[in-house]
Amino acid sequence: MSATPSATSLHIVIAGAGPAAQALVRRLAGRSDSRQRAFDGTITVLSNRDECPDALLELAELPQVSVRFGQPASFIDSDAKIVTTVDGLEFSYDQLVIATGSAPSLPPVAGAESGLSYSTIDDAATIGEAVKEVTRMVGRRPLGILVGSGPSAGQAEAVLRARGVRPVRTTLRPTAVIADPTPVASAASTAAGMPGSNLPATGILFEDGSSMKGDLVVIAEERTARNDLAGSAGLAVASDGGISVGRDLATSVPGIWAIGDAASCDGLRLGLLLSAESSAMLCASGMLLGTRGSSDQQVPMAA
């Protein structure tokens, strides 16, 4: 029987390059917490995009990190511990992390880019910054139009109320989001990642011509986990479609972990339970410190 790889020889492959994957690379590389145990192994990130955010480009410059752009994972041989990309490239691994995220369950609403969205718990901070600016602009407690149903919308409503917004929630899907005609180049625009645009949106339009108007619009519709890799690796899948993980973020196959919105724990998308940074902390601890199943390294369940 071969020896278990040490932290200094460990090769970790991360399938996905979104916020959760980036947070994990930072954690492993010691860029997020100086108390993190030193990791001198190697990390390969398989990204499905040819372009890359600056944050990941900075991480790709680290000597132990290799980012393969435009090479998403397409098949996992869990027995041989090999990941194959869409172009047939093969990468062996000691530990594999699936961080492929999720996709909208429905086509986007026209004009949705002019509003705000709630997809994971990480979006709470972005919405909070936008709410601050809207409150300053209107000079009173803002009225928010919330579109969606299910756990995402429920969390979004709690986020809005906690930040002083009066949310009006509709489960009827609009045909369009109405942008504020007044140009806004402010913190609200920046928070939404669209400086200088007409943000935030102020209303929605329904198919019958009726409309709802407020001071901001938040879309919190349900999403579907990208679980395409689960079948090839023999991973258990939860009833909601996410890759099933325990409270330590380990999947049903030893050596494979899932974080972010691709994963599901106790029937809820992991992205709604934990921030990307928290997921990264738990996953890194599990892989490097052997904390699988320990009571102090488990996912804190939502109340």
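As a basis for the values below, the full set of heavy atoms in this structure was taken, side chains included, without hydrogen atoms, waters or symmetry mates.
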Transitively linked via ILVMFWY side-chain contacts under 4.5 Å: [X] with [Y]?
X	Y	value
L172	I219	yes
F75	L96	no
L288	L62	yes
I82	I98	no
V253	F91	yes

Closest contact, heavy atoms only, [X] versus [Y]:
X	Y	value
P142	L216	CB-CD2, 4.4 Å
P174	V147	CD-CG1, 3.6 Å
L270	S279	CD2-OG, 4.0 Å
G242	S264	CA-CB, 3.9 Å
T44	R68	CG2-CG, 4.3 Å
S152	A220	CB-O, 3.7 Å

Would you compute the distance between atom [atom1] of [X] and atom [atom2] of [Y] and round it to the nearest 0.5 angstrom?
X	Y	atom1	atom2	value
I76	I256	CD1	CD1	5.0 Å
D261	L273	CG	CG	10.0 Å
S66	L46	OG	CG	8.5 Å
L146	M212	CG	CE	9.5 Å
W257	T251	CH2	OG1	8.5 Å
L56	L59	CG	CG	6.0 Å

Flag the pair [X] / [Y] as yes when at least one side-chain heavy-atom distance between them is below 4.5 Å, and no otherwise.
X	Y	answer
Y118	L160	no
M287	L24	yes
H11	K81	no
P108	E113	no
L235	N227	no
I204	V109	no
F69	L57	yes
L106	R173	yes

Using only atom types and a distance under 3.5 Å, with no angle test, would you say the side chain of [X] pairs donor to acceptor with the backbone of [Y]?
X	Y	value
Q71	L89	no
S47	A17	no
S105	E222	yes
S74	T84	yes
S232	L229	yes

Show your working on side-chain contact (heavy atoms from CB on, under 4.5 Å) between V218 and I127 and close with a plain yes or no. CA-CA 8 Å; V218 176; I127 291 176; 4.1 Å; yes
Classify the side-chain pair [X]/[Y] by whether it contains a donor and acceptor separated by less than 3.5 Å.
X	Y	value
R163	T135	no
R223	S119	yes
D87	T85	no

Sorted by chain and residue number, the side chain to side chain contact (heavy atoms under 4.5 Å, CB included) partners of T175 (sequence neighbours excluded) come out as L205, E207
Residues two or more places apart in sequence or in another chain: which of them pass side chain to side chain contact (heavy atoms under 4.5 Å, CB included) with A60? V67
Partners passing salt bridge (Lys or Arg N to Asp or Glu O under 4.0 Å) against R226 (at least two apart in sequence or in another chain): none
Test side-chain contact (heavy atoms from CB on, under 4.5 Å) applied to E90 and D77, step by step: CA-CA 10 Å; E90 294 185 345; D77 184 336; over 6 Å; no
D215 and R141 ion-paired at < 4.0 Å: no
